[in-house]
Amino acid sequence: MLSTQYNKVFALVDCNHFYVSCERVFNPKLLNKPVVVLSNNDGCTVSLSTEAKNIGLTRAVPIFEHKDLVKKYNVQTLSSNYTLYGDMSHRVMMTLKQFSPNIEIYSIDEAFLSFHGFKVNLTDYAKTIRDTVFQWTGIPVSIGIAPTKTLAKLANHLAKKDPDNSGVYNLLEERNIDTVLSHVEVRNLWGVGSRYSKMLNREGIYTAYDLKSVDDQWIRKKMTVMGLRTAYELRGLSCIDLEHAPSPRKSIVCSRSFGKSIESLRDLREAVSNFVTRASEKLRSQDSLVSSVSVFLETNSFKVNEPQYNNSITTPLPKPTSYTPEIISHTLKGLDRIYKSGYRYKKAGVLFLGIIPNKDIQLDFFIEHNPRKNALMKAVDCINEQFGSDTIRCLSSGFKHKWKMNQNNVSQRYTTRWTEILTVKI
DNA sequence: TCTGGGGTCCTAGGACCC
DNA sequence: TCTGGGGTCCTAGGACCC
């Protein structure tokens, strides 16, 4: 089947067990061994090497549930190192940009490329991409090619699943796509999560082929327009286009589980100050202002015998701002109002809402325009960028950080700190 | 002992306005 | 005997993604 039959051609490039692969680039001892990278606080499994999967470890599971396997097979368990993964992601994406002018960076380890109008053998082209990314960054990727994004995701799934495909699966070369779709379970589709897949199975819909054959009205009713779009895309009709420029965030969250539960308001205020500081940095990096801020706190819901208390409060700010001290001050007032003593808090966080671009606000007469505050924040961001996060910060962010998350086995920031660069002994 | 974090979109229902 | 109705905005909740 020729690609010219379709209006569009997408490739989805997805890094194989990305976090584990990043760690392996700088630590070859991890090659060919079961390796797991854990979530924040060393809680759940998030990235697993093939060897780890083969001995029975699974994703998104608390690591302590796997402790027998970890011990038996000497599984390497690593804390997550987002500084490293973020930088490696950037390298992969820069490499991919060599291969198509139209690219959408979809997540830290995935990108959609448009192959539309390319007059080459796309399967061979994808293999070249795969080899180049590996050579330039050390990261293995899989590539799926199809006429819609949903089918490209599906093709990528098949590229990963079958080793015979050598990491590339081109659905355009398939004679009978329906036969392929009838072997893919609905739960593996992009846009169908665990709730929907259970519902679909109850209704007798098991495969991608089943879903694409269902009546439009029925899907619309049961799965909203999002589900209908998935069905169209499975039929080869492209409904979701590439998004070239990342749109600014409409909300910004910063929240953490604590390494150990904390009880005092003092420690909570310190933690929340830090969360506001992080969120404000993100806010300024997209040149926006925030108009209201939520703060929430939670006890440990897994400890059923402990008293539970969860609450949140949303505080409107007097005027939209990106000035950290001001946002901290209002957020802490909210925290003081919902805090109750006598509970062991496990998690807290802040949520910025009503985010507006800075440029949209400048003509408003009532907005205080304070160039000194802006200049101050710019200078602080600049210094922290160069000398490390929190080189300059608010006093309310504290020093003790009793609530700090567990990170028992974190690798070095090999690519972004001169002091942590890899040394080779010959 | 130990259970992640950060986003998006859609829909229904209530408040409010004229 | 009694009945308005349509539009917009906001929010909470539920689904999804990585």
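Lettering follows sequence order; numbering is per chain, from 1. Quick caveat: nothing in here was measured; it's all calculated off a predicted structure.
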Give a yes/no on whether any side-chain N or O of [X] is located under 4.0 angstrom from OP1 or OP2 of [N].
X	N	answer
A:Lys346	B:dC2	no
A:Lys303	B:dT3	no
A:Lys153	C:dC16	no
A:Ser251	B:dG6	no
A:Lys67	B:dT1	no
A:Arg256	B:dG6	yes
A:Arg220	B:dT11	yes
A:Thr224	C:dA15	no

[X] has an atom [atom1]; how far is it from atom [atom2] of [N], in whole Å?
X	N	atom1	atom2	answer
A:Asn305	B:dT1	CG	C1'	15 Å
A:Phe275	B:dG4	CZ	P	14 Å
A:Arg344	B:dT1	CZ	C1'	11 Å
A:Lys222	B:dT11	NZ	P	16 Å
A:Phe112	C:dC17	CZ	P	12 Å
A:Met199	C:dC16	CE	C1'	13 Å
A:Ile108	C:dC17	CD1	P	19 Å
A:His66	B:dC2	NE2	C1'	14 Å

Looking across every strand, which nucleic acid part, if any, lies under 4.0 Å from [X] by heavy atom: base, sugar-phosphate, or nothing?
X	value
A:Asp109	sugar-phosphate
A:Ser79	nothing
A:Val61	nothing
A:Ile252	sugar-phosphate
A:Leu189	sugar-phosphate
A:Glu110	sugar-phosphate

Quiz item: Does the ring centre of A:Phe115 sit less than 6.0 Å away from the ring centre of A:Phe10?
Solution: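 Between A:Phe115 and A:Phe10, which both carry aromatic rings, the centre distance is not below 6.0 Å.
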Self-check item: Donor + acceptor pair across side chains of A:Arg284, A:Thr324 (<3.5 Å)
Solution: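 Present: a donor and an acceptor within the cut-off.
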Quiz item: A:Asp87 and A:Tyr85: side-chain donor and acceptor closer than 3.5 Å?
Solution: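 No pair is found: no donor N or O on one side chain lies under 3.5 Å from an acceptor on the other.
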Output the single nucleotide from [options] whose closest atom is nearest the side chain of [X].
X	options	answer
A:Pro62	B:dG6, C:dC18, B:dT3	B:dT3
A:Ser39	B:dG5, B:dG4, B:dT11	B:dG4
A:Ser255	B:dG5, B:dC10, C:dC17	B:dG5
A:Lys250	B:dT3, C:dC16, B:dC9	B:dC9
A:Cys44	C:dC16, B:dT8, B:dG4	B:dG4
A:Asn300	C:dC18, B:dT3, B:dC10	B:dT3

Self-check item: Cation-pi geometry met for A:Lys404 and A:Phe258 (6.0 Å, 45°)
Solution: no
Practice problem: Specify the closest pair of heavy atoms between A:Met88 and A:Cys22, including all atoms of both residues, with the distance to one decimal. | Solution: CB-SG, 3.6 Å
Exercise. Work out which heavy atom in A:Ile63 is nearest to a heavy atom in A:Asp42; give both atom names and the distance.
Key: CG2-O, 3.8 Å
Self-check item: Test item: A:Arg187 side-chain N/O and A:Ser197 main-chain N/O as donor-acceptor pair under 3.5 Å
Solution: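 No; judged by distance alone, with no hydrogens or angles, the pair does not exist.
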Self-check item: Toward the 5' end of DNA chain B, by each residue's nearest nucleotide, A:Lys282 or A:Phe64
Solution: A:Phe64
Self-check item: DNA chain B: 5'-proximal contact among A:Met226 and A:Asp42 (nearest heavy atom)
Solution: A:Asp42
Quiz item: In the strands shown, is C:dG14 matched to any nucleotide by a Watson-Crick or G-U wobble pair with both distances under 3.5 Å, and which?
Solution: B:dC9
Quiz prompt | Distance, P atom - from B:dC17 to C:dT3, rounded to whole angstrom | solution =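 Taking atom P in both C:dT3 and B:dC17, they lie 23 Å apart.
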